[in-house]
Amino acid sequence: MDKAKKVLKDIFGYDSFRPLQESIIQSVLDKKDTLVIMPTGGGKSLCYQIPALLFEGLTIVVSPLISLMKDQTGQLRENGVGVAMLNSSLSAEQYSKNYQLVLTNKVKLLYLAPESLGKLEILGLLSKVRLDCITVDEAHCISEWGHDFRPDYRQLGALRKQYPNAVCIGLTATATPRVQDDIVTNLCLINAQRFVAGFNRENLFLRVVTKADPYGQTLDFLRRHKDEPGIIYCFSRKQVDNLYEDLSAVGISCKPYHAGLSDETRVKNQDLFTRDEVQVIIATIAFGMGINKSNVRFVLHYDLPKNLESYYQEIGRAGRDGTPAECLLLYSYADVNKINYFIEQKDNPVEKAAARQQLNAMLQYAEWNRCRRIPLITHFGEKWPEEECETCDNCTVDLAKQVDITIEAQKFLSAVKRTNEMYGVNYIVDVLTGSKSAKILDTGHHNLSVYGVGSEHPKKQWMHLAQQFIKKGLLNREEEFGGLRLTAKAMNVLFKGEKVLGLLEEKAVT
Ligand code: ADP
Ligand code: ZN
């Protein structure tokens, strides 16, 4: 370890290790297979770069992102480290030059794209040198249960088996415990040491509100964050364009960003934002990779993300300077249905099941009634105490504003029961408010005694109430089709006079 500390100082110029880096490096140097789950910016690269410099032979680094490969090899070269990459972005001349460098043991680290592992010349090259370490970056790509499965990664298991004397290290910023297990199995790791680190970001205020009037809610939110830099994420390019037009029209300094814009426009808009010349960037998920801006004060999700992994990465772009930043998610059942619709279009049953499971984790977070850090952080396999924090909506809710909503709960629960626990929130609210939709007339539910008994509240308010009933554990959502089911707690409310307290009106976004 003394040698590792010396390399840290001499080559990289740092005085001390970040949390876990030291134990991870120790594990790799001991040639124990190692799995590292650490958020972006946590310092994963040193965990394999330092051992690579200490091993006698070669370390390969498999990474799917050519741009990151270029960055990393460039930085290492500046630090005087012998390093090369082999991928399709190189000219034939450069490629064979790099090939020779590896063959003649002139480099310590070789960066490879996953598709290269199917090439005989690459496999031949590896067999001719001493291979000490196989590093797999973005290791979640090997799992069908992850959010970014790449079939080329599957070849890594065979490679790992072929070199039993090399140590294997997998790294990722996002892997649920299930995906972690998958990585261990598919990479054929032996007695893998797992390190899961530091997912909490205390300075991010986490807030979820029911999406009722998204444009108005966005304007209110922006008013609270006047002149502060921030990102608004939307589901589609079209939504980005529309919102950009509307917000520009009312004088908000903003620019759009999505894959439908020319490269030039995207680079320009990102630069304007990075240099604080434009306040807000309105974007699809295409925005954010590698963005280097520490003073982002808010991230607003105008639409529901497909999974908690993307959500975590996107909000993670706020508050990198460590000072308070706010993350607001506008949550609606319409968005859930929209995502479900896309899931249903998938042909591959495993992919479909995985997407459903990911969406469910997202919903669990959105509907959670205790500290939001519990579902968010434990999702990545980190242990997290069931304590209150000071920076999420649920931990700071104003209890004094709660009122008795037992009658509303009873009406809602009865409607769920009378319609045989088969329908989602929208439908139940339609029954309660006496909607004349064709679906209700078809099923004959307009003849039920609960039909129209909730007409004292508008639909929007019922949606807000319904969300609280779910949060309070009175209802479960059936996984496949989203139908609501009553829980034992609901029975107490319906038949044993148990009271329900909550907020009758949508709580103001404070
Ligand atoms: P990740 O790959 O986990 O996203 P990186 O490896 O790119 O993170 O590291 C993020 C930043 O932190 C880099 O600028 C890196 O130089 C810096 N860093 C990593 N380890 C240390 C350390 N021990 N001391 C100081 N800075 C560090
Ligand atoms: Zn909290």
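Atoms within each ligand, like the ligands themselves, are counted from 1 in listed order.
In this structure, Y302 has its ring center no closer than 6.0 Å to that of Y233.
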Please lay out, stage by stage, how V196 and L35 fare under the test side-chain contact (heavy atoms from CB on, under 4.5 Å).
-> CA-CA 8 Å; V196 181; L35 178 60; over 6 Å; no
CA sep, side-chain torsions, deciding dist, call: Q217, L330, side-chain contact (heavy atoms from CB on, under 4.5 Å) = CA-CA 9 Å; Q217 287 170 303; L330 299 179; 3.9 Å; yes
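Put simply, atom 13 (C) of ligand 1 has no protein non-hydrogen atoms near it, under 4.0 Å away.
A salt bridge does not link E326 to R297: none of the charged nitrogens lies less than 4.0 Å from a carboxylate oxygen. Contact check on D33 versus R194 returns no salt bridge, with no Lys/Arg side-chain nitrogen under 4.0 Å from an Asp/Glu carboxylate oxygen. Salt bridge status for K293 with D276: present, with a side-chain N to carboxylate O gap under 4.0 Å. In this structure, R373 does not pair ionically with E387, as no charged nitrogen and carboxylate oxygen lie closer than 4.0 Å.
Each of the atoms 3 (O) of ligand 1 lies under 4.0 Å from some heavy atom of P39. Interface atoms of ligand 1 facing G41, defined by a heavy-atom separation under 4.0 Å, are 1 (P), 3 (O), 4 (O), 8 (O), 10 (C). Near T40, meaning under 4.0 Å from any of its heavy atoms, are these atoms of ligand 1: 4 (O). If you number the atoms of ligand 1 from 1 as listed, the ones under 4.0 Å from a heavy atom of L46 come out as 19 (C), 20 (N), 21 (C). Listed by number with element, the atoms of ligand 1 under 4.0 Å from a non-hydrogen atom of S45 are 2 (O), 5 (P), 6 (O), 7 (O).
Atom 18 (N) of ligand 1 has its closest protein heavy atom at R18 NH2, 3.5 Å. Closest protein heavy atom to atom 9 (O) of ligand 1: G43 CA, 3.5 Å.
Any N or O atom pair closer than 3.5 Å counts here, and F17 shares no such pair with ligand 1. Considering backbone and side-chain N/O atoms, L8 never comes within less than 3.5 Å of an N/O atom of ligand 1.
Contacts between Y14 and ligand 1, counted as non-hydrogen atom pairs separated by less than 4.0 Å, involve the side chain only. Only the side chain of Q21 comes within 4.0 Å of ligand 1, judged by heavy-atom distances. With a 4.0 Å cut-off on non-hydrogen atoms, S16 touches ligand 1 through its backbone and not its side chain.
Here the side chain of Y312 pairs a donor or acceptor atom with the backbone of F199 at under 3.5 angstrom.
With the Zn ion (ligand 2) as vertex, C389 SG and C392 SG subtend 110°, rounded to 10°.
At least one cation-pi condition fails for K5 and Y14: the charged atom is not both under 6.0 angstrom from the six-membered ring centre and inside a 45 degree cone around its axis.
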